[in-house]
Amino acid sequence: MSPVVAYAQATNNNGGAGAATAPVKVKVPDGSKLVLSSNELVYNKDNQIVTATGAVQINYGGYKMVAQKVEYNQKSGRMMALGNVELITPDGNRMYGDKMDVTDSFSDGFVNALRIEMPDNTRMVAEKGERVGGTQLILTKGVYTACQACSEQGRAPLWQVKAQRVVQNGVTHTVRLEHARFELFGQPVAYVPWIEVPDNTVKRKSGFLFPSMSVSQHLGFGLKVPYYYVISPSMDATISATGYTSQGLLLEGEFRQRFENGTHTLRVAGINQMDPGTFTSGTSDAEHKARGMISSKADFKINPRWTFGWDVMAQSDNNFSRTYGLDGLNQSTHTNDIYLTGLGKRNYFDMRAFYYDVQDADNNSTAEKQQAVVYPSVDYHYVDPKSVYGGELSATMNFTHLSRDKTLALDATNTLGDSSLNDRYLGLSGDYTRLSTEVQWQRTFTTDQGLVLTPLAALRGDVYGLDMDAPGAGTYSGNYDTSDYATRGMATAGVEAKYPFLITTSNSTHVFEPIAQLYVRPDEQLAGRLPNEDAQSFVFDATNLFDRDKFSGFDRVEGGTRANVGWRYTGNFDSGYKLQHIFGQSFQLAGRNSFAETDLAGVGADSGLETTRSDYVTMFGLTTPQGISLSQSYRFDEKDFAFRRGDTTVGFSNDVFQTTATYTHIAAQPQYGFTSDQDEIQTRAQIKFKEYWSVFGTVNYDINDSEITRQGVGLSYEDECTIFSISFLNKKDSTDASASDWSVGARITFRTLGDVNLGNTQDATF
């Protein structure tokens, strides 16, 4: 028999065929048509019953129903669906049952042997269910889970919540589980009077979040209970109370607001410590009873080119946020900054102010007073859109003003027992101002033979305003300039020559590129006589071999005539193998070598560039289609090729096993406080031994001292509904060589229900 398709026009009155006899709570679009398809359609005119049999399909106002048989009573306005019934609601929920009795508007009804699948893959089953007013679904003896159904028949999902009564509310968009029993691997582990979670239509919902626990030597056992509150579509807040057995109640609040052009987050926290005496005497933790913090973070997009924001924190003492582990604020040094950034097609502007909040137990905040307050630092870069003499003209500017309360110096005599070495002054107390401007022109020529030539010319000028205390008498041999103002300039003329070779085979391509650079400059002016605030971090390796100025900041500038010579190689194979290689050396041809000049921060000493002929630097990289990777970066002595500095990293990764091992070697650098070689091996690995289970670990080994400085192991599980991890980490104390810090972290996440944290989970995956 051919399928029968019938159409009926829905009406909003209380009479007529197909009219609803109960108020419709779910909005059905006006003019919606009911479309019915079945193998057979019988109409009983006397009883006003329409019976559809065989592959019945009904579509009405976003609702879709499939069943083996449907009886529709026009008098009562109810439909009785029988046999493998499936109902899809407009919000995407799928309801399955053996028997479903609903009104013709689908707003009310009863279902036996009910099963519900939601769009977010959460599931509910029950002995029976009742749909009331189109807004509520009430289940009797229901089960709720976000796990997929197990393939093994009769086996329970990883976790589920069984409840005497389950109420899904379409107005509040919640699922309430009453007299609930939480089961793990089919076994009951907890009972709660009720649980209420948002349904799949809700992204945010007010309510209590899962609590977390912690254990600490000085704080005791801690239980944290957070409450999430939705204020408006653009605002929400989280209020947390943490009770510590040793120190009392810690209160935290986080307020978040989203604007059309950005976001803002405000956080506050405070505690009145019950027993500060549990902390070490004389520390900031022990000396302050009432402690608190306020922080603000914002990011705003003024227009498509300009952004503005800040990240600031103020606290009652210098270690509160770190002691109590406030998430995102417990770093050893928290950087407070405010910024304004503009990015154009050919120019860039960035202005920032900094304050470094050093969090340690020193009640005098000595380390924090030794850090500079930067207000502000301004960077600007511009590239002329028009060609200038066939080349590119660009300009770079930096303005920096900072202040420091206390000089930061490393005493070579006390720390190393060597009075012949200069003390290192990483920062002088007082005020410092510098304006630096550089203009550069360069053009690239390519000859018919393939030689690539890039001539370059640059002019730079610096103006200093100095009101800083001079280094201690007799501890620095660099003839520090004590005048209030200083100026210096630098002119550079240079050329780079490259001659790339392309070699192709039937299954690979190779590019070999010899490179030579020559830069002619006068000697660096006032070398070692000015403060060095932003050019202290310097490591000579293959990545900066071909840089015109290898110093990391503006306070130092390369002088004299220098040549950089070396090559680059890249190889690609059709089989998936890739090779990279750089090798070279740098030569000071004339003038004073800036890296051999005395510097307040000791920059250049033992760098490999302080000699006329630099150390050799090289880099090699390999990747394979089998998941193996190798990277090496080495520096060798220019006289005897002795190994001075380097890293070797070997890695392997596939779907089951991932691992990396890194060997690091740094030769002795007395000027920096390292009187002997440093050699360390760092390893990490993760093995997936079942579909969802993994074990991971890490070990760091100090070869010279023959000791393990860091070790950890962990276990993790992750599937579509549950994430679990537990880890142990033991690492050497950075402040006490004879001590170590250990921590245990655990985390369980049940999708749609929440997280349970125990201990410190920051290093859960190392």
Side-chain angles (χ1 to χ4, degrees), residues 370 372 398 400 402 404 407-413 415-416 418-436 438 460-492 519 521-540 544 547-562 586 588-612 614-615 669-674:
Q370 292 175 332
N398 174 266
T400 299
L402 59 84
R404 182 182 287 103
T407 295
L408 174 57
L410 302 179
D411 191 327
T413 302
T415 58
L416 301 177
D418 190 345
S419 58
S420 65
L421 298 175
N422 281 313
D423 291 344
R424 295 179 63 216
Y425 288 86
L426 304 182
L428 301 175
S429 59
D431 296 322
Y432 161 96
T433 306
R434 175 183 44 75
L435 174 64
S436 301
E438 183 176 69
R460 171 174 164 172
D462 302 280
V463 179
Y464 285 85
L466 302 172
D467 186 16
M468 309 187 83
D469 295 335
T475 63
Y476 180 65
S477 60
N479 191 23
Y480 180 75
D481 190 343
T482 58
S483 59
D484 294 336
Y485 299 95
T487 60
R488 69 178 182 185
M490 177 62 66
T492 303
Y519 297 112
R521 298 168 289 215
D523 294 339
E524 179 185 4
Q525 299 176 356
L526 302 175
R529 300 184 61 188
L530 297 173
N532 181 359
E533 293 285 346
D534 71 348
Q536 298 181 9
S537 59
F538 173 70
V539 174
F540 175 50
N544 56 19
D547 288 352
R548 174 167 64 90
D549 191 336
K550 297 177 179 60
F551 285 113
S552 59
F554 290 91
D555 283 335
R556 292 297 307 275
V557 56
E558 276 198 47
T561 299
R562 178 173 289 275
S586 185
Q588 186 74 23
L589 302 181
R592 292 202 308 268
N593 186 345
S594 292
F595 299 99
E597 295 291 317
T598 303
D599 180 87
L600 275 171
V603 175
D606 301 318
S607 66
L609 284 165
E610 72 277 11
T611 54
T612 301
S614 80
D615 288 348
Q669 296 175 295
Q671 182 64 54
Y672 293 99
F674 304 115

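Along the sequence shown, residues are numbered consecutively beginning with 1. None of the values given here were measured: they were computed from a predicted structure.
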Rounded to the nearest 0.5 Å, how far apart are [atom1] of [X] and [atom2] of [Y]?
X      : Y      : atom1 : atom2 : result
Glu558 : Gln588 : CD    : CD    : 7.5 Å
Leu402 : Asp534 : CG    : CG    : 9.0 Å
Met490 : Glu524 : CE    : CD    : 6.0 Å
Gln525 : Arg592 : CD    : CZ    : 9.5 Å
Leu609 : Lys550 : CG    : NZ    : 6.0 Å
Ser607 : Phe551 : OG    : CZ    : 8.0 Å

Can you name the one residue among Asn398, Asp549, Leu435 that meets side-chain contact (heavy atoms from CB on, under 4.5 Å) with Phe554? Asn398

State, to 0.1 Å, how close [X] and [Y] come at their nearest heavy-atom pair, and which atoms those are.
X      : Y      : answer
Ser594 : Gly559 : OG-N, 2.9 Å
Leu600 : Pro471 : CD2-CG, 3.6 Å
Val603 : Ala535 : CG2-O, 3.3 Å
Arg562 : Asn593 : NH2-OD1, 3.2 Å
Ala596 : Glu610 : CB-O, 3.4 Å
Ser552 : Ser537 : OG-O, 2.9 Å

Counting only N and O atoms by type, is there a donor-acceptor contact under 3.5 Å from the side chain of [X] to the main-chain atoms of [Y]?
X      : Y      : result
Arg521 : Gly560 : yes
Asp469 : Gly430 : no
Ser614 : Ser586 : yes

Does any non-hydrogen side-chain atom of [Y] lie less than 4.5 Å from one of [X]?
X      : Y      : answer
Asn479 : Thr598 : no
Tyr480 : Leu428 : yes
Glu533 : Met468 : yes
Thr487 : Tyr485 : no

Are the ring centres of Phe595 and Phe538 closer than 6.0 Å? yes

For Tyr432, check side chain to side chain donor-acceptor pair (under 3.5 Å) against everything at least two apart and list the hits. Arg434, Asp555

